[in-house]
S.K.: 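Let me give you the structure first, and then I'll get to my questions.
Chain A is the first sequence line, chain B the second, and so forth, proteins listed ahead of strands; every chain is numbered from 1. Side chains included, hydrogens not; waters and symmetry mates left out as well; all remaining heavy atoms used. Bear in mind that the values here come from a model prediction, so they are computed numbers and not experimental data.
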Number of protein chains: 2
Amino acid sequence: VVKVVGLKKTYFLDHVAVPAIKEVNLEIPKGSFVSITGASGSGKTTFMNILGCLDKPTEGEYFLQGTDVSSFTPDRLAEIRNERIGFIFQNFNLLARTSAMENIELPLVYSGTSRHERVKKALELLEMMGLKGFEKHFPQQLSGGQQQRVAIARALVNSPSIILADEPTGNLDTKTSYEIMHVLKKLNEEMGVTIILVTHEHDIAAYAQRIITFRDGLIVSDTVNHEK
Amino acid sequence: VVKVVGLKKTYFLDHVAVPAIKEVNLEIPKGSFVSITGASGSGKTTFMNILGCLDKPTEGEYFLQGTDVSSFTPDRLAEIRNERIGFIFQNFNLLARTSAMENIELPLVYSGTSRHERVKKALELLEMMGLKGFEKHFPQQLSGGQQQRVAIARALVNSPSIILADEPTGNLDTKTSYEIMHVLKKLNEEMGVTIILVTHEHDIAAYAQRIITFRDGLIVSDTVNHEK
Ligand SMILES: Nc1ncnc2c1ncn2[C@@H]1O[C@H](COP(=O)(O)OP(=O)(O)OP(=O)(O)O)[C@@H](O)[C@H]1O
Ligand SMILES: Nc1ncnc2c1ncn2[C@@H]1O[C@H](COP(=O)(O)OP(=O)(O)OP(=O)(O)O)[C@@H](O)[C@H]1O
Ligand SMILES: [Mg+2]
Ligand SMILES: [Mg+2]
């Protein structure tokens, strides 16, 4: 469902080239549960932003569900992002001065869902994330881990076929982390949702069937997870 | 060096009281290395913000190095924060559109250090954090873990006597996390710096001599760490 060929991403800073992704070739079949690990600065978020159609590669092709994304217009990309991909950002990326509830409803507003249905779905997700009672809190009135869970709920609310999760448990205690991983595992096993998850926590990476490791902008290992 | 008596913190949201800290009595001697753990939303950051003189309690007293902080003027509080306390924020709190180097130099600007000395100290810290070469990057041009390390460097640059670290390794791979913990451990053992560190990672909490656990705004356990 996700295929990249000869992928490169170079940032320019004061005319100096910063090669964040040097060259990646990768195929992730539909229904996979893949973990991506690697040192800080190794290129994981840069790679996820390209997979999530939030950024374009400097070179190489990215085929999403068989189509080369470089052929899509910006509007079509936004539509695909909203309908097919749930993105959990490393820094949450919630709208400030907007309640937890409204943040979670946002993808459903874009896809034209009725108000009644939106509120119902958002409340369901909020409760699944253990945030019942926090509907009206703004992000700055929530703890770090509560903000993270609002970001997770928002990524799941439109039932995406692909979930891209960038460090989804970085601010959560172990018990809450495992509850979130249980939700993702169920979505993968029962609904066939493809999950690509970046983490530096070994026990979180072990939920996946396949573990890919980045180092300095390259994939240095891509193995089946035998611990599963 | 830190003593709280009958401490309470209640937020108000649409006139509804949210008791983030219900009642805490605690004493942390100078030169301690203490870890604070607890579920997401249990009150750890709220407590750290009060210890860091960034927020006032609703009730109770907070004695910092023997003096009741409620007697300080806002200017004196800012001075104490800048000279004695190094605060590592859970969300980094870096200045946008300001380079990594300038973010780290900021506490030295406030304390009136010479330009030459500021640059020297900031470069030293940058290198200690493994960020040599990233001096000119703005926060949005850095990875999550790189931003976190800039926030750590900024907290250490003015040689504080107390370090308050709120989830300092949340975005770091294991190897980088241990390098940071090694820096903190050395500051505690060789320089007698008091360290209070919030974490949900068990192996990070184990660097401390004492582990305090919060649940729903109360301390439910406060034990010596025998694993050390
Ligand atoms: N400004 C605010 N207004 C209302 N409620 C708040 C505010 N800030 C925090 N809270 C609430 O207070 C409680 C404690 O928050 P706090 O940030 O201290 O938790 P925490 O232990 O640091 O959690 P985490 O591990 O997720 O970072 C949470 O339930 C949160 O929703
Ligand atoms: N806009 C940018 N301009 C210049 N360099 C950038 C930019 N964004 C990222 N980088 C650099 O690209 C490299 C890869 O960053 P990336 O965010 O992908 O790393 P990461 O693996 O997600 O790290 P972490 O685990 O710390 O989140 C880093 O060295 C970073 O400094
Ligand atoms: Mg990242
Ligand atoms: Mg917190």
Side-chain angles (χ1 to χ4, degrees), chain A residues 11-14 16 18 20 37-46 48-49 89-92 94 99-100 129-131 133-149 166-167 169-177 179-180 198-205 213-215, chain B residues 11-14 16 18 20 37-46 48-49 89-92 94 99-100 129-131 133-149 166-167 169-177 179-180 198-205 213-215:
Chain A
Y11 294 111
F12 287 92
L13 201 66
D14 292 348
V16 175
V18 181
T37 64
S40 172
S42 56
K44 308 180 297 295
T45 293
T46 300
M48 293 287 267
N49 288 345
F89 292 87
Q90 188 170 1
N91 62 352
F92 319 151
L94 298 177
S99 74
M129 292 292 129
L131 290 177
F134 291 94
E135 292 79 13
K136 288 194 185 146
H137 286 237
F138 287 178
Q140 56 276 19
Q141 296 167 331
L142 291 170
S143 79
Q146 290 169 341
Q147 292 177 33
Q148 186 151 45
R149 284 177 279 163
D166 197 345
E167 297 281 0
T169 61
N171 282 274
L172 297 175
D173 57 285
T174 306
K175 181 170 166 287
T176 308
S177 291
E179 286 167 10
I180 302 294
V198 168
T199 182
H200 66 272
E201 297 182 79
H202 188 68
D203 53 346
I204 301 298
T213 303
F214 273 70
R215 187 186 301 152
Chain B
Y11 294 110
F12 287 91
L13 201 65
D14 292 347
V16 175
V18 181
T37 64
S40 172
S42 57
K44 307 179 297 294
T45 293
T46 300
M48 292 286 267
N49 288 345
F89 292 86
Q90 188 170 2
N91 62 354
F92 318 151
L94 298 177
S99 73
M129 291 292 129
L131 290 177
F134 290 94
E135 292 77 14
K136 288 194 184 148
H137 286 237
F138 287 178
Q140 57 276 21
Q141 295 168 332
L142 291 169
S143 79
Q146 290 170 340
Q147 292 177 33
Q148 187 150 44
R149 283 177 279 163
D166 196 347
E167 298 279 2
T169 62
N171 282 275
L172 298 174
D173 57 285
T174 307
K175 179 170 168 289
T176 308
S177 291
E179 287 167 9
I180 301 294
V198 168
T199 182
H200 66 273
E201 298 181 79
H202 188 69
D203 52 347
I204 300 298
T213 301
F214 272 70
R215 187 187 301 154

S.K.: Identify which part of A:Leu13 has an atom lying under 4.5 Å from any heavy atom of chain B, answering side chain, backbone, both or neither.
M.R.: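 Interface part for A:Leu13: side chain.
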S.K.: Heavy atoms only: give me the nearest A:Thr169-B:His200 pair and the separation to one decimal.
M.R.: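 Heavy-atom minimum between the residues: O-NE2, 3.6 Å.
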S.K.: At their closest point, which heavy atom of B:Asp173 faces which heavy atom of A:Ser40, and how far apart are they?
M.R.: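 Nearest pair, atom of B:Asp173 first, then A:Ser40: OD1-N, 2.8 Å.
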S.K.: Is chain A contacted by the side chain of B:Asp166, its backbone, both, or neither, given a heavy-atom distance below 4.5 Å?
M.R.: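 No part of B:Asp166 comes within 4.5 Å of chain A.
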S.K.: Flag the one option from A:Lys136, A:His202, A:Gln90, A:Lys44 with the top tally of heavy-atom pairs under 4.5 Å to chain B.
M.R.: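 The residue among A:Lys136, A:His202, A:Gln90, A:Lys44 with the greatest pair count is A:Gln90.
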S.K.: Under a 3.5 Å cutoff, is there a donor and acceptor pairing between the side chains of A:Glu167 and B:Asn171?
M.R.: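 Result is no, nothing qualifies.
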S.K.: I'd like to verify something: which residue of A:Gly130, A:Ala20, A:Gly144, A:Gly38 has the highest number of heavy-atom pairs under 4.5 Å with chain B?
M.R.: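 If we count pairs closer than 4.5 Å to chain B, A:Gly144 comes out on top.
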S.K.: Which atoms of A:His137 are under 4.5 Å from chain B, going by heavy atoms: the side chain, the backbone, both sets, or neither?
M.R.: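 Both backbone and side chain.
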S.K.: Picking from A:Lys175, A:Gln141, A:Gln147, which has the most non-hydrogen pairs under 4.5 angstrom with chain B?
M.R.: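 Most pairs with chain B among the choices: A:Gln141.
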S.K.: Tell me, side chain or backbone of A:Gln146 under 4.5 Å from chain B's heavy atoms, or both, or neither?
M.R.: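 Both parts, backbone and side chain.
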S.K.: Which region of B:Gln148, side chain (C-beta onward) or backbone (N, CA, C, O), has a non-hydrogen atom less than 4.5 Å from a non-hydrogen atom of chain A, or is it both or neither?
M.R.: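 Nothing of B:Gln148, per the 4.5 Å heavy-atom cut-off to chain A.
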S.K.: Based on non-hydrogen pairs under 4.5 Å, which of A:Ser143, A:Gly170, A:Ser177 is most in contact with chain B?
M.R.: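 Highest number of pairs under 4.5 Å: A:Gly170.
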